[in-house]
Q: 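Please find one structure pasted underneath; my questions will follow.
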Amino acid sequence: MKTQNFIAVILFAVASITAVAQQNKAVSTISLKGDKLFPEGIHTLPNGDLLVGGFGDGSIQRIDNKDQISYFSAPGQNGLVIAVGMAVDEKNNRLWVANFNFKTASGNPGSNFKVFDLKSGKLLKTIPENFIDGAFFNEVTLDPAGNAYVSDTFGPNIWKTSFAASKPEVFVSDPLLKNPASDQPFGLNGLTITPDSKYLIASVMNRTIKGGGTLVRIDLKSKKITPIKLSDNTAKLGFSGSDGMFFHKGKLLMVNVYSQAGAIFSAAFNADYSEATLKIHDAFQKSYDRPTASAIRNGKLYTVNSQLNHIIDDKDGQLNTPPSLPFQIVGVPLNEVLK
């Protein structure tokens with residue numbers, strides 16, 4: 001019996017080592033340019049290229065299908081200070097970028113949009129020309145008409161604009177769009193539109209602790225804002241709110257802002273998006289380092305390892321310590337993630 005137990009232990013250990021080796025083989029990384037990049041957003045273009053925005057240097061880097069890196073917008077160009085969320089208007093061949101500045105000419109934080117020609121990379125328009133004082137534009141999404149919506153992380157606001165407009169206007173403002181805790185200055189973050197284009201789904205984060213994140217539904221016609229009921233389960237207890245989010249095959253894929261409790265989450269909704277069941281997808285949990293956004297390309301989920309906790313206080317002891325260079329995005333098989 002003892003011999004049998006020993007053999008069983010050995011076989012289990014071999015199987016575990018083999019499984020880890022196979023998983024490591026499935027993970028790929030792409031190294032990015034710049035030691036001040038601190039990548040934040042990522043987006044897949046219609047041709048399969050990836051765009052990655054820099055929180056630290058304001059750049060936008062393009063990754064082609066051979067994983068070659070070039071600048072779509074180099075550091076210091078086009079008035080980009082902090083490139084946050086991005087959205088693509090395929091019909092009009094435009095890239096919308098949320099541009100944030102911690103200290104504008106007024107001395108205060110502020111934001112605006114940068115709109116680029118998607119093919120040439122030419123800056124087409126800045127909306128508005130000056131920064132909107134006090135706003136922190138974060139995640140961007142577009143409706144079928146080409147209107148742009150952006151979450152405001154400093155205020156309980158979602159802004160709306162169009163390419164023809166000279167400035168954005170507040171689309172909705174509500175206490176449900178803000179974290180009321182005095183020690184949580186960053187609130188509203190993730191934002192996307194539902195596949196039926198009837199609602200915006202937004203997330204308010206509880207950034208530095210496990211749990212407490214929320215999802216809300218905004219009716220695009222009535223502007224009514226409704227908290228989304230999250231089913232009670234382990235995933236809900238670990239959900240601190242979403243950063244980058246997008247729909248894939250009817251489910252919402254999200255990056256959890258408190259990634260220690262699980263970096264990749266999904267939400268399965270009922271028919272009117274008033275209720276959702278969360279799920280943690282932690283098969284590749286060890287591959288992530290303060291992730292902020294994901295995108296799908298060629299059957300892989302590519303996630304940005306921002307390392308923003310080195311320049312923003314996440315209360316994890318990493319503030320003002322050097323990041324690991326080079327900055328990277330991590331690619332893992334999508335079907336393995338979503339098992």
Side-chain angles (χ1 to χ4, degrees), residues 15-33 37-55 61-69 85-86 88 139 189-190 192 203 210 213 234-235 238-268 277-309 323-339:
S16 299
I17 292 170
T18 301
V20 170
Q22 289 175 341
Q23 186 182 80
N24 290 340
K25 188 176 180 180
V27 176
S28 61
T29 59
I30 301 175
S31 296
L32 303 166
K33 295 176 179 285
L37 173 64
F38 292 96
E40 205 277 344
I42 187 169
H43 201 93
T44 306
L45 299 184
N47 70 350
D49 288 357
L50 296 170
L51 292 183
V52 177
F55 194 97
Q61 300 187 27
R62 182 196 293 268
I63 306 169
D64 68 17
N65 279 288
K66 295 182 180 180
D67 294 345
Q68 297 299 303
I69 312 290
M86 297 178 285
V88 169
E139 296 299 321
N189 196 334
T192 194
S203 182
K210 179 180 177 180
T234 301
F239 183 62
S240 299
S242 171
D243 201 326
M245 58 161 64
F246 61 93
F247 277 93
H248 173 69
K249 295 184 177 181
K251 290 186 178 181
L252 184 66
L253 298 186
M254 304 177 285
V255 175
N256 187 25
V257 295
Y258 191 79
S259 57
Q260 300 96 312
I264 307 300
F265 274 59
S266 67
T277 300
L278 300 180
K279 184 177 180 179
I280 301 173
H281 303 274
D282 58 0
F284 298 94
Q285 178 68 19
K286 293 181 180 179
S287 300
Y288 302 119
D289 188 355
R290 183 55 161 86
T292 47
S294 296
I296 295 171
R297 179 176 78 168
N298 298 333
K300 281 194 168 186
L301 183 72
Y302 287 91
T303 301
V304 172
N305 275 344
S306 75
Q307 300 189 70
L308 282 176
N309 51 336
S324 298
L325 298 176
F327 289 104
Q328 294 181 329
I329 63 172
V330 177
V332 298
L334 181 63
N335 62 339
E336 293 293 322
V337 177
L338 299 182
K339 278 185 177 179

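Because the structure is predicted, anything quoted here is derived from the model rather than measured.
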Q: Using 0.5 Å steps for rounding, measure from the CG atom of L45 to the CG atom of D64.
A: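 Separation between the atoms: 11.0 Å.
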Q: Would you name the heavy atoms of A267 and L278 that are closest together and state the gap between them?
A: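 Closest pair (atom of A267, atom of L278, distance): CB-CD2, 3.7 Å.
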Q: Who pairs with T292 by side-chain hydrogen bond (donor to acceptor under 3.5 Å, both in side chains), at least two apart in sequence or on another chain?
A: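 Here no residue qualifies.
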Q: Who are the side-chain contact (heavy atoms from CB on, under 4.5 Å) partners of A261, not counting sequence neighbours?
A: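 With sequence neighbours excluded, A261 shows a side-chain contact (heavy atoms from CB on, under 4.5 Å) to K210, N256, Y258, given in chain and number order.
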Q: Suppose we screen for ring-ring contact (aromatic ring centres under 6.0 Å, His included). Which residues come up paired with Y288, at least two apart in sequence or across chains?
A: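 Residues passing ring-ring contact (aromatic ring centres under 6.0 Å, His included) with Y288: none at all.
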Q: Test side chain to side chain contact (heavy atoms under 4.5 Å, CB included) on I264 and L338; report intermediate values, then the result.
A: CA-CA 9 Å; I264 307 300; L338 299 182; 5.6 Å; no
Q: Considering all heavy atoms of both residues, which atom of I280 and which atom of G262 are nearest to each other, and what is their separation?
A: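 Minimum heavy-atom contact is CG2-CA, 4.0 Å.
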Q: If the condition is side-chain contact (heavy atoms from CB on, under 4.5 Å), which residues does K251 pass it with, not counting sequence neighbours?
A: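 Scan of K251 (side-chain contact (heavy atoms from CB on, under 4.5 Å), adjacent residues dropped) gives A268.
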Q: Test of understanding: with ring-ring contact (aromatic ring centres under 6.0 Å, His included), list the residues that count as partners of Y302, not counting sequence neighbours.
A: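 Y302 satisfies ring-ring contact (aromatic ring centres under 6.0 Å, His included) with no other residue.
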Q: Applying side-chain hydrogen bond (donor to acceptor under 3.5 Å, both in side chains), can you list everything that pairs with N47, at least two apart in sequence or on another chain?
A: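 Per chain and number, N47 pairs via side-chain hydrogen bond (donor to acceptor under 3.5 Å, both in side chains) with D49.
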Q: I'd like to check the side-chain contact (heavy atoms from CB on, under 4.5 Å) partners of T29; sequence neighbours left out, ordered by chain and number.
A: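 If we apply the side-chain contact (heavy atoms from CB on, under 4.5 Å) test to T29, skipping adjacent residues, the hits are Q328, V330.
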Q: Considering residues at least two apart in sequence or located in another chain, which fulfil the side-chain hydrogen bond (donor to acceptor under 3.5 Å, both in side chains) criterion with S266?
A: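 S266 satisfies side-chain hydrogen bond (donor to acceptor under 3.5 Å, both in side chains) with H281 once adjacent residues are dropped.
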Q: What heavy-atom pair brings V88 and H43 nearest, and what distance separates the two atoms?
A: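 V88 and H43 have their closest heavy atoms at CG2-CD2, 3.4 Å.
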Q: Looking only at atom types and distance, does a side-chain atom of Q61 sit under 3.5 Å from a main-chain N or O of L32, one as donor and one as acceptor?
A: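 Judged by distance alone, no pair lies under 3.5 Å.
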Q: Keeping to residues at least two apart or across chains, list the salt bridge (charged side-chain N to carboxylate O under 4.0 Å, His left out) pairs with something in residues 325-339.
A: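 Listed by first then second residue: E336-K339.
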Q: Taking all heavy atoms of E40 and all of L308, pick out the closest pair and write down the distance.
A: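 Closest heavy-atom pair between E40 and L308: CG-CD1, 4.0 Å.
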Q: Compare every heavy atom of T303 with every heavy atom of S294, then report the nearest pair and how far apart it is.
A: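 Heavy-atom minimum between the residues: OG-OG1, 2.7 Å.
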Q: Would you check if the side chain of T44 reaches a backbone N or O of I296 as a donor-acceptor pair within less than 3.5 Å?
A: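 Side chain of T44 to backbone of I296, a donor-acceptor pair under 3.5 Å: yes, one is there.
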Q: So which atom in F284 and which in P333 form the shortest heavy-atom distance, rounded to 0.1 Å?
A: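 Result for this residue pair: CZ-CD, 3.9 Å.
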Q: Can you list every pair that meets salt bridge (charged side-chain N to carboxylate O under 4.0 Å, His left out) and has a residue in residues 289-305, with sequence neighbours left out?
A: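 Checked against salt bridge (charged side-chain N to carboxylate O under 4.0 Å, His left out) - neighbours excluded - the pairs reaching residues 289-305 are D67-R297, R290-D314.
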Q: What is the distance from atom OG of S287 to atom CG of D282, rounded to the nearest 0.5 Å?
A: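 Those atoms lie 11.5 Å apart.
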Q: Report yes if the side chains of I329 and P39 come closer than 4.5 Å at any heavy-atom pair, otherwise no.
A: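 Contact flag for I329/P39 side chains = no.
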Q: Which donor-acceptor pairs under 3.5 Å do the side chains of residues 238-247 make with protein atoms, sequence neighbours left out?
A:
from	atom 1	to	atom 2	distance (Å)
S240	OG	I209	O	2.6
S240	OG	G211	N	3.0
S242	OG	G244	O	3.3

Q: Do I69 and I30 come within less than 4.5 Å of each other through their side chains, counting heavy atoms only?
A: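 The answer is yes, as the side chains (C-beta and beyond) meet within the 4.5 Å cut-off.
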Q: Tell me every residue that passes side-chain hydrogen bond (donor to acceptor under 3.5 Å, both in side chains) with S259, counting only those two or more places apart in sequence or in another chain.
A: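 With neighbours one apart ignored, the set is empty.
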